[in-house]
2 protein chains.
Amino acid sequence: MPKDYSLGSVEIKLSPLERFAQFLQSRGKRVTRQRRLIVEQVFSHHDHFDADELIGHLQDLIAQRKLSRPTVYRTLAELTEAGLIRKMTLSGRGVYEHEYGYPRHDHLHCEICNRLLEFQSAELEHLVAEVAAEYRFHVTGHRMFVTGICAECRRRQGIE
Amino acid sequence: MPKDYSLGSVEIKLSPLERFAQFLQSRGKRVTRQRRLIVEQVFSHHDHFDADELIGHLQDLIAQRKLSRPTVYRTLAELTEAGLIRKMTLSGRGVYEHEYGYPRHDHLHCEICNRLLEFQSAELEHLVAEVAAEYRFHVTGHRMFVTGICAECRRRQGIE
DNA sequence: CTACTTGCAAATCATTTGCAGATGA
DNA sequence: TCATCTGCAAATGATTTGCAAGTAG
């Protein structure tokens with residue numbers, strides 16, 4: 001029987017915005033219009049994104065000067081600190097994904113379409129623990145990227 | 001019996017410089033004094049390094065204008081392309097390690113001392129293959145980073 | 001009120017590039 | 001010879017910062 005590497009979701013008690021508000025409050029920071037707008041856009045759909053893509057989605061607001069590029073960067077950093085999103089670096093630029101409400105997972109990165117597929121593996125977690133024990137290393141996290149070509153791109157390449 | 005995650009070395013028939021010369025030739029490129037100096041420094045000891053550290057070691061030569069910063073970057077790119085070294089990105093900046101003459105491995109990254117420990121795991125390779133098969137993903141490589149605190153730093157922290 | 005925020009413009013910082021002179025095969 | 005290289009200075013591009021004006025609590 002093949003194992004299931006797919007992802008479900010994790011139950012959450014607060015909306016991302018509520019959770020962020022909580023974080024901000026605990027830091028003596030304020031819930032501003034800009035921060036609200038950004039959180040809403042970020043959590044409007046589950047996807048990996050970089051700062052430019054996010055800014056692209058917020059283009060209108062930026063054109064109307066309701067929001068600026070630096071504020072987007074500042075807020076992304078806060079969301080990361082708050083644990084709402086997770087930041088990784090792909091070929092030099094920051095890439096983000098939801099952390100709040102999503103289970104821990106790792107990635108398959110397609111070199112052709114640049115997409116990130118997610119998978120979960122209990123064995124991997126176990127293996128990490130085993131290696132760490134051997135090195136007397138205290139694990140706080142891990143990040144695994146498998147690079148290659150996804151099924152779709154392989155098919156497409158086969159055709160072309 | 002605990003498993004062995006440590007690394008040996010891989011037998012090589014050519015010195016890094018010879019191998020690089022071969023690569024350069026195949027590309028119609030030249031073996032210059034600068035490229036020689038850089039390869040020699042890079043392979044003078046097994047370690048992880050970034051461009052600045054390497055440039056630091058070559059400081060004298062740079063001061064004497066026998067070598068320049070852009071040439072170091074250019075040569076690092078060529079060495080990577082040649083498969084002599086492997087490039088990774090750690091918090092935004094490029095970090096390199098020997099690939100030629102060293103077995104495939106993954107890393108434990110200490111958040112305190114910033115050191116990279118290497119480990120090898122056949123199980124990990126196997127796991128990657130298994131997950132990839134499930135996704136019909138064609139693997140070309142993988143990169144795994146376990147982050148945490150190394151034994152030395154834990155001891156030091158325990159003391160302080 | 002007033003400390004935290006923001007937009008703007010300018011600064012950073014690692015890395016890259018254009019180009020005229022230098023050099024390896 | 002002469003195409004490839006190199007150093008220099010300047011460009012890049014993502015991200016960050018200083019600062020005066022705006023605003024949440």
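In what follows, chains are A, B, ... by sequence order, proteins preceding strands, each numbered from 1. In this text, all values refer to a predicted model and were calculated from it rather than measured experimentally.
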What is the separation between atom NZ on B:K87 and atom P on C:dA14, rounded to the nearest whole Å?
13 Å

Roughly how many Å is it from CZ in A:R93 to P in C:dT15, rounded to a whole number?
16 Å

By the rule that ILVMFWY residues connect when side-chain heavy atoms come within less than 4.5 angstrom, directly or transitively, which residues belong alongside A:Y102?
none

The criterion is ring-ring contact (aromatic ring centres under 6.0 Å, His included); which residues satisfy it with B:F23, sequence neighbours excluded?
none

Tell me: CZ of A:R36 to P of D:dT23, nearest whole Å?
13 Å

With the threshold set at under 4.0 Å for non-hydrogen atoms, list the residues of residues 41-54 of chain A touching DNA chain C in residue-number order.
none

To the nearest angstrom, the CG-P distance between A:L37 and D:dA24 comes to 12 Å

Indicate whether OP1 or OP2 belonging to D:dT15 is found under 4.0 Å from a side-chain N or O atom of A:Y73.
yes

Protein-nucleotide distance (B:Q22, atom CD; C:dA25, atom P), rounded to Å
15 Å

For B:H98, enumerate each residue passing the ring-ring contact (aromatic ring centres under 6.0 Å, His included) test, keeping only those at least two apart in sequence or located in another chain.
B:F43, B:H46

Summary of salt bridge (Lys or Arg N to Asp or Glu O under 4.0 Å) pairs that have at least one residue in residues 74-85 of chain B, sequence neighbours excluded:
B:R27-B:E81, B:K29-B:E78, B:R35-B:E78

Suppose we screen for ring-ring contact (aromatic ring centres under 6.0 Å, His included). Which residues come up paired with B:Y73, at least two apart in sequence or across chains?
none

According to side chain to side chain donor-acceptor pair (under 3.5 Å), who are the partners of A:E40, at least two apart in sequence or on a separate chain?
none

Base-contact (B) and sugar-phosphate-only (S) positions in nucleotides 4-12 of chain C, heavy-atom cut-off under 4.0 Å, - elsewhere
BSSBBB---

Would you kindly give the CG-to-P distance between B:L76 and D:dT6, to the nearest whole Å?
12 Å

Can a donor-acceptor pair be found between the side chains of A:Q157 and B:H138 at a distance below 3.5 Å?
no

For B:R69 and B:D52, what are the C-alpha separation, side-chain angles and deciding distance, and is it a salt bridge (charged side-chain N to carboxylate O under 4.0 Å, His left out)?
CA-CA 9 Å; B:R69 185 171 268 276; B:D52 264 340; 3.1 Å; yes

Going by the salt bridge (Lys or Arg N to Asp or Glu O under 4.0 Å) test, which pairs reach into residues 140-151 of chain B, not counting sequence neighbours?
none

Enumerate the residue pairs fulfilling side chain to side chain donor-acceptor pair (under 3.5 Å) with a member in residues 54-66 of chain B, sequence neighbours excluded, ordered by first and then second residue.
none

Going by side chain to side chain donor-acceptor pair (under 3.5 Å), name the residues that satisfy it together with B:S68, two or more places apart in sequence or in a different chain.
B:T71

Dot-bracket for DNA chain D, please. Rules: Watson-Crick or G-U, both distances under 3.5 Å, ( ) within the strand, [ ] when a pair crosses earlier ones, | for another strand, . otherwise.
|||||||||||||||||||||||||

Would you mind classifying the nucleic acid contact of B:G92 as base, sugar-phosphate or nothing, using non-hydrogen atoms under 4.0 angstrom?
nothing

